[in-house]
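A short write-up of the structure that comes next.
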Amino acid sequence: MTDIEELLLSRIRDVADYPEPGVMFKDITPLLADPAAFTALTDALAEIAGNTGATKIVGLEARGFILGAPVAVRAGIGFIPVRKAGKLPGATLSQTYDLEYGSAEIEVHAEDLAAGDRVLVVDDVLATGGTAEASIQLIRRAGAEVAGLAVLMELGFLGGRARLEPTLAGAPLESLLTV
Ligand SMILES: O=P(O)(O)OC[C@H]1O[C@H](OP(=O)(O)OP(=O)(O)O)[C@H](O)[C@@H]1O
Ligand SMILES: Nc1ncnc2[nH]cnc12
């Protein structure tokens, strides 16, 4: 394990049985409170953005906003929020999906993405892959290209990577940590 991986892992707190019994919740708030760790994470994700040739970052509400926004600034490209349904005022595209603990619907402003955009999706945790899959579908429906998916942490035992393989269609899935 590299020094950066060790630093990041040491700042993620395991919370058993949250938000429901049987779930081991990965809490990133200690990492966000540590400027050295948050900076290292931002730099690592911005490097991925550069390597993929992304022209826009999509962040997934809510924790994907916290990570994706500084990455976009660091990479010098725009940030597009994908929000839970009912929060965006303009014309939206929407997509329903299931996650580890329930189901949800996400939306993006249709005008924020268009043909010619190369989009890197940024989030904190890849679990079942349902959220990421729905966001990729939204990006493609808006006419844009998916440059890849970058996450802080992948929960390998939930099979998100295998689920996303056909959806990603060759676009890279980069996770800084796998547990
Ligand atoms: O791979 P999946 O099974 O889809 O799960 C991963 C998603 O779940 C969490 O978000 P959550 O919906 O809990 O929202 P939050 O960021 O607002 O806490 C996490 O931040 C990812 O977006
Ligand atoms: N176990 C988990 N910890 C943090 N975020 C999650 N999103 C889905 N599953 C999660």
Side-chain angles (χ1 to χ4, degrees), residues 5 8-34 37-38 41-42 44-45 48-49 54 56-72 79-88 92-109 112-113 119-141 146-169 171-179:
E5 287 167 348
L8 297 177
L9 192 59
S10 73
R11 298 295 188 273
I12 297 169
R13 174 167 47 202
D14 281 354
V15 182
D17 300 320
Y18 181 89
E20 59 184 41
V23 175
M24 180 61 76
F25 189 82
K26 301 292 180 181
D27 176 22
I28 64 165
T29 59
L31 192 162
L32 302 176
D34 178 341
F38 197 4
L41 171 59
T42 301
L45 293 174
I48 292 168
K56 285 183 177 168
I57 298 289
V58 152
L60 307 181
E61 185 175 1
R63 286 170 265 151
F65 289 0
I66 302 170
L67 304 194
V71 170
F79 177 81
I80 311 298
V82 161
R83 297 214 61 176
K84 306 278 164 67
K87 299 286 187 179
L88 290 170
T92 57
L93 298 171
S94 65
Q95 191 80 38
T96 55
Y97 65 102
D98 295 321
L99 73 172
E100 197 185 355
Y101 36 78
S103 77
E105 185 175 4
I106 54 173
E107 295 182 335
V108 69
H109 271 149
D112 281 353
L113 296 171
V119 180
L120 179 69
V121 178
V122 171
D123 208 353
D124 64 334
V125 172
L126 175 68
T128 67
T131 310
E133 185 176 66
S135 72
I136 290 166
Q137 287 162 346
L138 272 185
I139 291 161
R140 296 227 177 93
R141 282 171 53 205
V146 175
L149 168 65
V151 297
L152 164 60
M153 173 170 277
E154 173 181 352
L155 307 184
F157 58 96
L158 288 173
R161 181 174 287 270
R163 174 185 180 160
L164 287 173
E165 202 179 305
T167 311
L168 279 165
L173 164 50
E174 303 281 358
S175 56
L176 301 179
L177 301 169
T178 302
V179 296

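From a predicted model like this one, the values you see are computed outputs, not experimental measurements. Every number for a ligand or one of its atoms is a count from 1 in the order of the listing.
- In this structure, M153 does not count as a contact residue of ligand 2, since none of its heavy atoms falls inside 4.0 Å of the ligand.
- With rounding to the nearest 0.5 angstrom, the CG atom of L41 is 7.5 Å from the CD1 atom of I28.
- Considering backbone and side-chain N/O atoms, K26 comes within less than 3.5 Å of an N/O atom of ligand 2.
- Q95 meets the side chain to side chain donor-acceptor pair (under 3.5 Å) test with Q137, R141; sequence neighbours excluded.
- Checked by distance only, ligand 2 and M24 come closer than 3.5 Å through their nitrogen or oxygen atoms.
- Near A127, meaning under 4.0 Å from one of its heavy atoms, ligand 2 places the atoms 8 (C), 9 (N).
- Side chain of K26 to main chain of L155: no donor-acceptor pair is present (N/O by atom type, distance under 3.5 Å, no hydrogens or angles).
- Interface of R63 with ligand 2, defined as ligand atoms under 4.0 Å from a residue heavy atom, comprises 4 (C), 5 (N).
- What you find for L45 and A150 is that their closest heavy atoms are CD2-CB, 3.9 Å.
- Inclusion of Y97 in the set of residues having an N or O under 3.5 Å from an N or O of ligand 1 is not warranted.
- Between I57 and A49, the closest heavy-atom pair is CD1-CB, 4.1 Å.
- Contact annotation: the side chain of S103 never approaches that of T96 to less than 4.5 Å [non-hydrogen atoms, C-beta and beyond].
- Residue T131 has at least one nitrogen or oxygen atom sitting less than 3.5 Å from a nitrogen or oxygen atom of ligand 1, judged on distance alone.
- In L155, the part holding a heavy atom less than 4.0 Å from any atom of ligand 2 is the side chain.
- If you run side chain to side chain contact (heavy atoms under 4.5 Å, CB included) between V58 and each of D112, V119, V146, only V119 comes through.
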Could you go through residues 171-179 and list every donor-acceptor pair under 3.5 Å that involves a side-chain atom there, pairing it with any protein atom two or more places apart or in another chain?
{"unit_1": "S175", "atom_1": "OG", "unit_2": "E154", "atom_2": "OE1", "d": "2.6"}
{"unit_1": "S175", "atom_1": "OG", "unit_2": "T178", "atom_2": "OG1", "d": "3.4"}

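- Inclusion of V125 in the set of residues having an N or O under 3.5 Å from an N or O of ligand 1 is not warranted.
- Under a 4.0 Å criterion applied to the non-hydrogen atoms of K84, ligand 1 contributes the atoms 12 (O), 14 (O), 15 (P), 17 (O).
- When only interatomic distances are considered, the shortest N/O to N/O separation between G129 and ligand 1 falls below 3.5 Å.
- Under 4.0 Å from ligand 1, the heavy atoms of D123 that appear belong solely to its side chain.
- Once rounded to the nearest 0.5 Å, the distance linking CG of L31 with CG of L8 reads 5.5 Å.
- Some N or O of A127 is nearer than 3.5 Å to an N or O of ligand 1, by distance alone.
- In this structure, D124 has a heavy atom closer than 4.0 Å to ligand 1.
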